[in-house]
Participant: 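Pasting a structure below so you can have a look.
Fair warning: this is a prediction, and the values are worked out from it, not measured in the lab. Just so we're on the same page: letters track the sequence lines, and every chain starts at 1.
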2 protein chains.
Amino acid sequence: MEKQTITIYDVAREAAVSMATVSRVVNGNPNVKPATRKKVLEVIDRLDYRPNAVARGLASKKSTTVGVIIPDVSNVYFSSLARGIDDVATMYKYNIILANSDGNSQKELQVLNTLLAKQVDGIIYMGNKISDELRLQFDRSKTPIILAGSVDSKNELGSVHIDYVAAVEEAVADLIVHGNKKVAFISGPLDEAINSKYRLKGYKNALAKNNLKYDEELVFETDYSYRAGEILWPAIVSAGATAAIVGDDELAAGVMNGALDAGVKVPTDFEVVTSNNSKITEIVRPKLSSITQPLYDIGAVSMRFLTKLMNKEDVTEKVVELPYGFIKRSSTK
Amino acid sequence: MEKQTITIYDVAREAAVSMATVSRVVNGNPNVKPATRKKVLEVIDRLDYRPNAVARGLASKKSTTVGVIIPDVSNVYFSSLARGIDDVATMYKYNIILANSDGNSQKELQVLNTLLAKQVDGIIYMGNKISDELRLQFDRSKTPIILAGSVDSKNELGSVHIDYVAAVEEAVADLIVHGNKKVAFISGPLDEAINSKYRLKGYKNALAKNNLKYDEELVFETDYSYRAGEILWPAIVSAGATAAIVGDDELAAGVMNGALDAGVKVPTDFEVVTSNNSKITEIVRPKLSSITQPLYDIGAVSMRFLTKLMNKEDVTEKVVELPYGFIKRSSTK
DNA sequence: ATAAGTCTATGAAACGCTTGCAAAGTATGT
DNA sequence: ACATACTTTGCAAGCGTTTCATAGACTTAT
């Protein structure tokens with residue numbers, strides 16, 4: 001009637017060895033005579049024995065599980081990272097506990113707590129606003145933590161991402177080369193380091209290098225939704241922008257459709273560049289030119305990085321920067 | 001140096017009670033004098049004690065974790081379900097272990113095994129092709145299982161989804177009413193019950209009720225990608241179809257863009273209806289008319305259903321059908 | 001005052017596995 | 001044949017909780 005009745009004891013008895021020996025063969029410990037190993041494996045097979053991972057975890061103090069704190073799985077950007085994470089995790093025999101946080105500090109703390117209670121061996125955090133309290137808990141915990149596709153404004157935590165400053169700078173420079181004097185900078189909340197400290201900086205760099213002066217009127221702070229982009233259009237028009245660099249694909253699609261629906265021609269009269277090169281960029285018309293980030297790889301590398309920390313291997317660099325790129329499609333000249 | 005050193009034993013000592021008592025206050029067992037409870041809680045707070053979920057799991061034979069087998073998290077359809085699942089799971093104090101299967105039977109079996117090894121209290125399965133071997137394992141396991149947004153061709157397992165037959169039938173009937181004599185049926189693999197046994201049936205029903213004869217030439221079996229849709233266009237043209245019902249949004253976007261890129265006017269010369277009403281339907285131009293499914297809710301309800309099974313509550317119906325709808329946008333007349 | 005209940009709290013046995021240590025077995029060299 | 005050095009095994013002590021059987025301490029009814 002119960003979940004799992006066959007224990008290591010049963011196997012030991014049937015194979016006429018001690019449970020220690022069974023444990024050794026299950027764990028691939030080499031100190032077992034081949035004949036014994038074979039005998040044990042046969043019994044395991046016959047009894048359909050499956051080691052109880054919970055008991056194992058208790059005894060070994062390892063759960064072979066890592067926690068993943070994600071703002072929202074249903075967002076393509078994050079779910080792409082998650083896919084990379086899971087694939088590598090599987091490769092290294094780990095499972096992932098996925099927990100949505102909505103980027104909400106309270107939930108993050110709460111989630112972190114239950115993850116630690118579950119004795120995860122490591123944590124991957126996605127999110128761009130690390131509250132002081134969360135940082136405190138991160139520091140206090142002995143569990144390895146990696147930020148995936150997210151930046152740590154204080155550079156204390158291990159993280160994997162691209163060089164946002166340079167990427168945005170290039171993209172904006174390109175728009176300027178096309179003759180745009182007024183390029184709008186459209187992003188999510190500026191209290192997220194990725195927007196204020198990195199993307200905006202790249203934007204300013206580009207302006208400076210091209211002798212254009214920074215105009216706050218051209219900076220639009222909103223949230224990451226498609227709808228937010230659509231309704232932003234009138235404001236963009238009144239600011240007189242002729243092009244925009246957008247920090248999120250859905251947002252960019254919204255902005256572009258907002259323009260299109262208002263009868264503006266893209267890219268002839270208005271150019272748009274977005275940042276994440278998610279599927280959406282290819283589905284909209286015109287297709288969106290975009291900074292490209294290896295999303296899957298960022299997740300995969302983060303997880304790989306984490307396995308190193310979990311094995312207490314030495315890692316030379318705390319911050320891994322993956323190469324970014326730029327793909328020109330039809331939303332720019 | 002280690003993960004977590006404060007145990008229930010430390011708390012018991014500090015509070016001068018037995019560990020059994022500490023356990024009771026932690027678990028909200030009422031048989032504790034309020035004064036004692038208060039004292040214990042204070043110590044817990046002071047020591048920053050956090051119960052070890054693994055040890056708890058071993059002792060109680062409950063992991064408060066459910067496994068989620070998903071074809072691909074980075075697919076919006078599935079990640080939307082996943083989001084609903086996680087939210088409800090959190091509500092009921094469960095965590096989810098997310099495992100990608102790519103819809104591959106081998107991986108599914110393998111994943112199922114590790115989930116069971118981890119002693120998950122329940123499993124939510126997404127996928128439309130349950131291999132015999134997998135079904136066998138499902139049956140053999142005493143762990144409750146629910147299919148989310150997926151159908152069980154044999155109707156043995158609990159599941160939550162919409163009435164695909166009726167939904168497709170309505171959508172196709174609508175296309176026929178618009179005067180289309182040749183409506184293409186475009187779906188993913190026909191060896192998936194959802195396509196062959198349900199959607200296709202709805203399609204045939206609609207034809208029959210409108211005195212149109214079924215023509216195999218108009219049935220297109222492909223995979224679920226955007227690209228697959230794009231390259232399918234020529235074939236659709238040669239079959240002479242003037243409208244299509246598509247089983248997946250990305251696929252539909254591909255078909256439509258394929259038409260558009262070939263200079264065909266949508267919906268004037270060709271109408272398209274899709275099936276999942278994901279974000280994509282609103283992002284493309286023209287926006288896609290779609291059958292609507294409450295994706296988030298399907299996930300949420302599945303998880304709720306699962307909690308009932310895990311609590312051994314009686315459930316009257318094994319199959320929960322959620323209401324579907326239809327939203328007319330600009331890809332149909 | 002006594003029997004019979006309630007409440008509270010304790011002790012100690014699981015739960016199923018890993019692992020350090022020691023014992024038993026084998027092989028090798030002389 | 002014997003000492004030496006491995007190689008294989010078994011023993012038993014945890015790992016941190018839950019939970020069952022009990023025991024004390026109070027109440028309450030008689």
Participant: Quick check on D:dG10: is either OP1 or OP2 less than 4.0 Å from any side-chain nitrogen or oxygen of A:Ser18?
Facilitator: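 Yes, A:Ser18 has a side-chain N/O under 4.0 Å of OP1/OP2 on D:dG10.
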Participant: Over how many whole Å does the gap from B:Lys39 atom NZ to C:dA9 atom P extend?
Facilitator: 8 Å
Participant: What is the separation between atom CG on A:Asn29 and atom C1' on C:dC21, rounded to the nearest whole Å?
Facilitator: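 To the nearest whole Å, that distance equals 14 Å.
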Participant: Scan A:Thr21 against the nucleic acid and name what it touches under 4.0 Å (heavy atoms): base, sugar-phosphate only, or nothing.
Facilitator: sugar-phosphate
Participant: Given that B:Ser60 and B:Pro30 both sit by DNA chain C, which one's nearest nucleotide is further toward the 5' end?
Facilitator: B:Pro30
Participant: Taking the nucleotide of DNA chain C with the closest heavy atom to each, which residue, B:Met19 or B:Ala59, is nearer the 5' end?
Facilitator: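 Result of the comparison: B:Met19.
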Participant: Please tell me whether A:Glu14 and A:Tyr49 have a donor and an acceptor in their side chains that are separated by less than 3.5 angstrom.
Facilitator: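 On atom types as modelled, these side chains do not qualify, holding no pair under 3.5 Å.
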Participant: Contact class for A:Val17 (heavy atom, under 4.0 Å): base, sugar-phosphate, or nothing?
Facilitator: sugar-phosphate
Participant: Please state how far atom CG in A:Asp10 lies from atom P in C:dG16, giving the value in whole angstrom units.
Facilitator: 9 Å
Participant: Would you kindly give the OH-to-C1' distance between A:Tyr9 and C:dG16, to the nearest whole Å?
Facilitator: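 Spelled out: OH on A:Tyr9 to C1' on C:dG16 is 8 Å.
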Participant: Any side-chain heavy atom of A:Arg304 within less than 4.5 Å of one from A:Val320?
Facilitator: no
Participant: Answer with yes or no whether A:Arg24 presents, from its side chain, a donor or acceptor under 3.5 Å of a partner atom in the base of D:dG10.
Facilitator: yes
Participant: Write out all pairs satisfying salt bridge (Lys or Arg N to Asp or Glu O under 4.0 Å) with one or both partners inside residues 26-44 of chain B, taking only residues at least two apart or from two chains.
Facilitator: B:Lys38-B:Glu42
Participant: Counting any heavy atom closer than 4.0 Å, what does B:Val54 reach on the DNA or RNA strands: base, sugar-phosphate only, or nothing?
Facilitator: nothing
Participant: Please tell me if B:Asn52 has a side-chain N or O lying less than 4.0 Å from either OP1 or OP2 of D:dC15.
Facilitator: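 No, no such contact exists.
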Participant: Using whole Å, what does the distance between atom C1' of nucleotide D:dA25 and atom NZ of B:Lys33 come to?
Facilitator: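 Whole-Å distance recorded here is 9 Å.
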Participant: With a 4.0 Å cutoff (strictly under), does any side-chain N or O of A:Lys61 reach OP1 or OP2 of D:dG16?
Facilitator: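 So the side chain of A:Lys61 is within the cut-off, an N or O lying under 4.0 Å from OP1 or OP2 of D:dG16.
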Participant: When the distance from NZ of A:Lys38 to C1' of D:dT9 is rounded to whole Å, what number comes out?
Facilitator: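 Computing the A:Lys38:NZ to D:dT9:C1' distance gives 20 Å.
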Participant: What heavy-atom pair brings B:Val11 and B:Val40 nearest, and what distance separates the two atoms?
Facilitator: CG1-CG1, 4.3 Å
Participant: Please state how far atom CZ in A:Arg56 lies from atom C1' in D:dT17, giving the value in whole angstrom units.
Facilitator: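 Answer to the nearest Å: 20 Å.
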Participant: Do B:Arg135 and B:Asp139 meet the salt-bridge criterion of a basic N to acidic O distance under 4.0 Å?
Facilitator: no
Participant: Atom CG of A:Leu58 to atom P of C:dC15: distance rounded to whole Å?
Facilitator: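 After rounding, the reported distance stands at 14 Å.
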Participant: Using the side-chain heavy atoms of A:Asn31, tell me which of these nucleotides is nearest: D:dC11, D:dT8, D:dG16.
Facilitator: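 Nucleotide nearest to A:Asn31's side chain: D:dT8.
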